[in-house]
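Here is the structure we will look at.
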There are 2 protein chains.
Amino acid sequence: MPESQSTQSANRPKSRIQQKNRQIIVDAALDVFSTYGFRGTTIDQIAARAGMSKPNLIYYFASKEDLYVSVLEDTLDQWLAPLAELDPDGDPIDEIRRYITAKIAMSRARPKASRLFANEILHGAPAIGGFLQGPLKSLVDDKAAIIRRWVEGGALAPVEPAHLIFMIWAVTQHYADFDVQVRAVLAAETTEKDRHFDDAQAAILTVFLEGLRPR
Amino acid sequence: MPESQSTQSANRPKSRIQQKNRQIIVDAALDVFSTYGFRGTTIDQIAARAGMSKPNLIYYFASKEDLYVSVLEDTLDQWLAPLAELDPDGDPIDEIRRYITAKIAMSRARPKASRLFANEILHGAPAIGGFLQGPLKSLVDDKAAIIRRWVEGGALAPVEPAHLIFMIWAVTQHYADFDVQVRAVLAAETTEKDRHFDDAQAAILTVFLEGLRPR
DNA sequence: AGGAAACTTGACTAGATGGTCAAAATAAAC
DNA sequence: GTTTATTTTGACCATCTAGTCAAGTTTCCT
């Protein structure tokens with residue numbers, strides 16, 4: 001995807017210090033924004049976590065919103081990557097299995113990014129509405145067409161493709177977004193930390209792969 | 001639960017005006033809280049939507065947090081009702097179908113309540129952590145035991161019961177919580193408003209009921 | 001009708017918070 | 001080593017907002 005080359009901000013040479021500090025700030029911001037939301041987060045909180053003063057943070061990101069958008073954009077590409085890899089020439093069931101597995105791995109590895117994203121959508125996507133209607137919709141349309149061909153070819157049970165994608169998003173991201181609830185309900189069952197991700201994956205694959213097998 | 005009898009608020013007879021105005025406020029608060037979150041909401045916003053002055057609102061709910069908790073508690077019981085109705089003596093597949101159908105109907109009818117709840121969990125359930133660990137966990141444990149019996153009796157495909165419940169929550173609530181995203185992706189396909197809820201239900205039932213059929 | 005209780009609100013306060021600014025400290029360039 | 005550009009921050013300001021208060025208005029009860 002050749003974009004954001006000449007368009008706007010990505011033109012300063014970015015000194016070594018710039019590079020380092022911007023990364024530190026974005027990491028701190030993900031932590032805080034994902035926990036408290038945009039309005040619930042203060043610049044001071046982020047600055048404290050990043051180990052610098054508030055004016056210094058403002059020196060790197062002109063405003064709170066600027067920073068918020070940067071953090072979000074940082075995660076969007078990663079978010080789409082697994083779906084983008086859905087291979088029209090692969091075995092349908094295998095492809096779905098790979099996709100589900102990749103999405104669960106992502107929920108497990110980057111739960112904060114998932115929650116940041118979920119929070120943004122939940123509140124009406126004020127900052128990334130364009131992303132949803134543009135790149136996201138395009139990608140889904142594209143992949144839905146592939147799934148539709150699989151269904152029509154009799155390789156998958158008849159299911160509306162877009163809704164299958166929604167279902168997979170829902171069940172996989174649930175474990176990141178509703179982590180507190182999952183842990184509360186499973187309390188004490190968990191011997192080793194995050195063990196439930198494995199159980200979740202098994203349950204999801206059981207239901208989806210069997211439910212999608214052609215018949 | 002014998003509590004807060006003599007302590008403070010829950011004892012006034014609630015005049016006609018009290019009853020009416022508290023309801024108006026709670027309704028307005030659900031609107032605003034579900035859209036902007038706790039921190040993103042101002043008392044003035046809620047008061048304006050409720051058609052009264054801020055001090056008057058404070059007269060009915062001592063603080064913003066008070067009101068927030070009231071609104072949340074108002075929705076929690078309704079939230080659990082469908083799961084509570086899962087009948088151990090019914091046909092397993094029929095019972096799951098009924099449950100999924102009821103949850104989708106709820107997402108469609110009360111999307112704001114769903115989003116309020118989702119937002120609260122997403123941010124670590126600061127106000128209802130006790131509810132998750134108490135009533136919610138109890139109910140899930142109870143119903144998971146029923147499902148486990150079904151599985152052991154060979155009436156359902158082998159699946160970890162708690163995760164099956166999570167999966168159903170995830171796919172059904174997704175359509176309320178991520179409404180903006182769903183609409184963005186499906187844009188233009190929708191002839192009649194909310195039509196996609198029917199499609200979603202069909203897709204979910206297809207996958208889950210077939211995926212859960214014993215084999 | 002008349003007095004008490006319940007309800008309503010304009011004006012206000014205290015604290016929090018996003019962002020500014022000028023001056024100091026550090027790094028880079030020569 | 002000196003000059004210049006970049007980075008850093010303490011002090012500050014304007015605005016927003018949760019909550020208060022005293023004074024009014026309406027409703028209820030007899």
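Each chain gets a letter, A, B and so on, in the order the sequences are listed, and its residues count up from 1. Every value quoted in this text rests on a predicted model; they were computed, and no experiment measured them.
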For this session: On the 0 to 90° scale, with breaks at 30° and 60°, tag the A:F166-A:H163 ring pair as parallel, tilted or perpendicular.
Result: perpendicular
Seminar exercise, completed: By nearest-nucleotide position on DNA chain D, the 5'-leaning member of B:R16 and A:M52 is A:M52
Exercise. Can you find an N or O donor on one side and an acceptor on the other, under 3.5 Å apart, linking the side chain of A:K54 with the base of C:dG19?
Worked result: yes
Exercise. Counting side-chain heavy atoms from C-beta on, which of D:dT17, C:dG18, C:dT8 comes nearest to A:I43?
Worked result: C:dG18
For this session: Give the rounded distance in Å between these two atoms: CG of A:D66 and P of C:dT20.
Result: 11 Å
Problem set entry | Position toward the 5' end of DNA chain C (nearest nucleotide), A:T42 or B:G51 | B:G51
Exercise. Has B:Q18 got a side-chain N or O lying under 4.0 Å from the OP1 or OP2 atom of C:dA6?
Worked result: no
For this session: Describe, in one word, how the ring planes of B:W79 and B:F117 are oriented to each other, choosing from parallel (under 30°), tilted (30 to 60°) and perpendicular (over 60°).
Result: tilted
Exercise. When all nucleic acid strands are considered with a 4.0 Å heavy-atom cut-off, which category describes A:S53: base, sugar-phosphate, or nothing?
Worked result: base
For this session: Using the closest heavy atom to pick a nucleotide of DNA chain D for each, name whichever of A:P55 or B:S63 lands nearer the 5' end.
Result: A:P55
Problem set entry | Whole-Å gap separating P (D:dT17) and CD (B:E65) | 18 Å
Exercise. What is the distance from CG of A:N21 to P of D:dT7, rounded to the nearest Å?
Worked result: 8 Å
Exercise. Hey, are B:D94 and B:R97 close enough for a salt bridge, meaning a charged N less than 4.0 Å from a carboxylate O?
Worked result: yes
For this session: Send over the distance from A:I17 CD1 to C:dA29 P, rounded to a whole Å.
Result: 11 Å
Exercise. Closest to the A:K64 side chain: D:dG19, C:dT8, C:dG19?
Worked result: C:dG19
For this session: Starting from P on D:dT26, measure out to OH on B:Y59 and report it in whole angstrom.
Result: 16 Å
Problem set entry | Salt-bridge contact A:D44-A:R49 (side-chain N to carboxylate O under 4.0 Å) | no
Exercise. Rounded to the nearest Å, what distance is computed from the CG atom of residue A:L57 to the P atom of nucleotide D:dT7?
Worked result: 14 Å
Exercise. OP1 or OP2 of C:dT17 sitting under 4.0 Å from any side-chain N/O of B:R39?
Worked result: yes
For this session: Report which part of the nucleic acid B:F61 touches: base, sugar-phosphate, or nothing (heavy-atom distance under 4.0 Å, all strands).
Result: nothing
Exercise. Distance check: side-chain N/O of A:N56 vs OP1/OP2 of D:dT9, anything under 4.0 Å?
Worked result: yes
Exercise. Can you tell me how far P of C:dG19 sits from CG of A:L67, to the nearest Å?
Worked result: 10 Å
For this session: Quickly work out the B:I58 CD1 to C:dT13 P distance and round it to whole Å.
Result: 18 Å
Problem set entry | cation_pi(A:R22, A:F61) dist<6.0 Å, angle<=45 | yes
